[in-house]
Amino acid sequence: MNMNTFFFFTSLVFCLLASLFSSCFAGNVTYDRRSLIIDGQRKLLISAAIHYPRSVPGMWPGLVQTAKEGGVDVIESYVFWNGHELSPGKYNFEGRYDLVKFVKIVQQAGMYMILRIGPFVAAEWNFGGVPVWLHYVPGTVFRTDNEPFKHYMQNFTTFIVNLMKQEKLFAPQGGPIILAQVENEYGYYEKFYGDGAKRYVTWAAKMAVSQNIGVPWIMCQQSDAPDSVISTCNGFYCDQFTSNSPNNPKIWTENWPGWFKTFGARDPHRPAEDVAFSVARFFQKGGSVHNYYMYHGGTNFGRTSGGPFITTSYDYEAPIDEYGLPRLPKWGHLKELHRAIKLSEHALLKSEPTTLSLGPSLEADVYDDGSGVCAAFLANLDDKTDKNVVFRNVSYHLPAWSVSILPDCKNVVFNTAEVGSLTSVVEMAPEELQPSVASASKGLKDLKWDIFVENTGIWGVADFIKNGFVDHINTTKDTTDYLWYTTSIIISENEEFLKKASRPVLLIESKGHALHAFVNQKLQGSASGNGSHSPFKFKNPISLKAGKNEIALLSMTVGLQNAGGLYEWVGAGLTSVKIEGINNGTLDLSMSKWTYKIGLQGEHLGIYKPDGLNGIKWVSTSEPPKNQPLTWYKVVVDPPSGDEPVGLDMINMGKGLAWLNGEEIGRYWPIESSKHEKCVDECDYRGKFFPDKCLTGCGEPSQRWYHVPRSWFKPSGNILVIFEEKGGDPTKIMFSKRKTSSLCSHVAEDFPMVDQESVSKVGSGKSSVAHLKCPKNTSISNVKFASFGNPTGRCGSYSKGDCHDPNSTSVVEKVCLGKNECAIELTEENFDKGLCTGTSKALAIEAVCS
Ligand code: GAL
């Protein structure tokens with residue numbers, strides 16, 4: 001039994017025993033201005049957002065356990081209304097939507113749960129989580145004093161509350177749920193809703209409280225919330241936040257440890273040092289519940305992503321990556337921070353802080369009850385200059401933009417800017433698609449592909465004909481991304497442009513989100529908006545012939561708007577179509593007769609479903625067509641070897657949708673960000689963070705790999721179905737396995753000794769320690785680099801400096817080779833500490849686990 005399983009079972013046994021005596025969890029959840037009080041006990045809580053439908057049930061126990069090992073006490077999730085109520089009164093709690101199972105996994109791990117019922121959630125989730133059908137219930141306006149909206153909102157909230165009650169999941173019933181949320185950041189948008197806004201806030205709070213769940217309700221970013229609910233903070237920093245009542249504790253519902261991505265945009269990064277800084281500042285300033293949004297971001301499977309333009313990956317640069325692996329050093333650095341906070345918890349909760357200025361931009365908060373219980377936070381808020389401070393007659397070095405935590409008011413156990421924890425290099429190791437042994441006829445080594453080509457334009461019977469344009473979303477009602485707008489024009493043989501070599505230009509305007517334009521069955525070009533601006537224009541020369549010309553425009557949504565005032569009314573689709581250069585003039589087709597078709601034939605036939613494949617005229621080939629638009633591809637494959645998480649490498653494809661065994665992988669679109677924008681090599685953690693501060697990936701696809709959960713694979717005969725809109729090379733589709741290729745540790749001689757088990761041991765005169773820990777079931781097989789001295793570079797590219805102890809590698813090898821975990825002390829016995837006096841020395845190690 002490994003450690004994970006051991007912890008899982010011990011907490012399970014604990015829960016089972018405890019439940020014999022009524023509850024596993026404390027019953028009573030109250031609060032005052034300092035903290036939540038659970039069963040009479042004050043708590044400082046570290047919470048982690050993991051959205052259950054953004055992973056699969058098979059991953060849930062591991063994710064929750066990794067959060068627990070990371071020093072997290074609480075799991076937080078929104079409830080995703082549109083995933084649960086598919087049509088009025090028709091509920092779904094299967095698979096990724098098995099909310100009860102998720103909450104019980106949290107309970108079994110011995111952790112608490114915060115349930116953000118919303119049911120509006122934003123969350124970069126399609127339509128902000130509100131079912132699209134509700135927009136079409138006559139008279140409905142979302143999120144204001146509107147009868148149909150309130151009716152359905154109350155109905156769903158009550159349904160979820162009753163389900164949780166029935167399963168005894170609220171804390172007073174012995175369950176893990178200690179807080180619930182109604183609405184989400186409504187405060188930002190009240191101005192769009194006139195007088196109805198205030199009435200709605202009051203109603204929402206009252207409706208929530210009347211559910212009698214026995215635990216407090218929160219509303220985030222709602223400074224005018226009624227006293228019956230607690231207003232909480234969302235942001236990159238929340239140390240200065242005050243709630244709607246002085247009697248409320250300071251709760252931070254969303255600290256964004258990274259940021260989301262949109263198709264065609266660069267990759268945002270928030271350094272671990274700044275995340276830790278913001279959290280330490282929050283607890284320094286009296287914070288009591290802190291939640292990472294997201295701790296595991298996961299995947300927007302299928303068409304669940306919102307935005308529009310949010311990528312299928314919702315990795316979020318969170319402490320656990322999309323694939324479920326701890327992201328290093330972020331995960332480890334925050335784990336050490338959590339430990340430092342927990343070591344200080346008693347002192348923090350026992351006394352009022354005294355704030356001291358230690359100089360310009362230098363601030364100490366001391367929690368000292370006078371009887372020896374004392375914790376201090378020393379902050380350097382300067383974003384450029386490191387400082388030395390004297391606190392209680394001891395001198396401390398404070399790097400710029402950092403907080404040191406002293407759980408005993410003497411010894412620094414953690415500084416937010418000093419990342420001593422493990423770092424890793426993670427790779428996506430490619431593996432070619434392997435024909436399934438089960439499906440391949442004997443001796444067949446090549447993949448066998450099946451092809452189905454969509455009509456360009458109307459298939460089957462047209463849905464309707466209309467002069468002019470309809471709104472895309474009002475027409476599809478989001479049952480599909482796709483809507484065909486088709487028309488035809490007659491070109492006379494005497495046309496001027498036919499005689500000259502010139503070509504007319506097709507001009508299209510759309511409210512969003514993307515478009516492929518076909519003339520006479522040929523793709524003429526594509527255009528799209530982006531995450532900051534959905535509308536776009538298309539302008540391309542086209543080939544027209546004398547006589548009848550078919551114009552078929554495939555309009556697409558890329559996830560529906562998920563937030564903003566009156567956001568449900570923002571439409572999509574074409575608003576203008578013209579052709580320039582006909583009869584030396586412009587032909588405006590905007591009011592012409594347009595014939596419409598909703599969705600694709602393949603979607604209609606359920607071509608991606610394993611049991612829906614019969615009756616479809618697939619054409620078999622060993623050489624699938626390349627660069628061919630509107631093509632469905634099917635191939636039967638074996639799972640990739642090993643047990644690492646899997647991504648589908650779509651870099652050589654255009655845009656479309658993918659499924660494995662009928663499970664929706666989601667939208668793929670390896671569209672590149674502009675190479676002319678600004679990207680950084682190194683992110684300076686110092687100074688206030690904002691999403692555009694540290695971007696990478698200029699000129700690269702925003703998303704190349706698409707997560708395919710291992711649990712979706714069968715031992716053989718896996719059906720991979722791809723719908724490609726504009727053309728790609730399916731023979732280059734590969735699986736990639738997510739692997740930690742190297743582990744690194746970089747520790748300075750004077751590094752605070754955060755690795756020790758308790759603060760009492762700190763200051764025992766021991767030296768700094770470098771730690772390495774391989775993923776489970778692997779051990780250190782190679783020490784790629786080791787240098788005690790002044791090594792430079794980062795994990796994956798360290799190099800020796802002019803100061804180097806030649807025995808470094810052999811020392812590390814002796815301690816670490818063959819071990820799953822090892823610790824090397826920076827002692828005289830191990831290293832030549834007299835080396836290059838005057839230079840501050842460190843040990844850097846890069847090792848390989850296998
Ligand atoms: C917040 C919102 C979250 C999420 C976040 C950005 O404003 O409450 O649901 O959208 O922004 O990731």
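Indexing begins at 1, ligand by ligand and atom by atom, following the structure's order. Fair warning: this is a prediction, and the values are worked out from it, not measured in the lab.
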Considering only heavy atoms, does Tyr314 approach ligand 1 within less than 4.0 Å through its side chain, its backbone, both, or neither?
side chain
Which residue supplies the protein heavy atom nearest to atom 10 (O) of ligand 1, what is that atom called, and how far is it?
Glu124 OE2, 2.7 Å
Within the 3.5 Å criterion, strictly below it, is a donor on [X] or [Y] matched to an acceptor on the partner's side chain?
X	Y	result
Asn248	Ser243	yes
Tyr152	Glu85	no
Glu76	Ser47	no

Would you mind running through ligand 1 and noting each atom that sits below 4.0 Å from a heavy atom of [X]?
X	answer
Tyr316	6 (C), 12 (O)
Val121	9 (O)
Ala123	3 (C), 4 (C), 9 (O), 10 (O)
Asn184	2 (C), 8 (O), 9 (O)

Should the pair Arg54-Glu124 be classified as a salt bridge under the 4.0 Å nitrogen-to-oxygen rule?
no
When only distance counts, is [X] in polar contact with ligand 1, meaning an N/O pair under 3.5 Å?
X	result
Phe260	no
Ala122	no
Tyr78	yes

I want to check a possible cation-pi pair here: Lys688 against Tyr237, using under 6.0 Å from ring centre and within 45° of the ring axis as the test.
yes
Hey, looking at atom 7 (O) of ligand 1, which of Glu254, Glu185, Met294 has the closest heavy atom?
Glu185
Under 3.5 Å, is there a donor-acceptor pair between the side chain of Lys330 and the main chain of Pro257?
yes
Parallel, tilted or perpendicular: which describes the rings of Phe102 and Tyr52, with under 30° parallel and over 60° perpendicular?
tilted
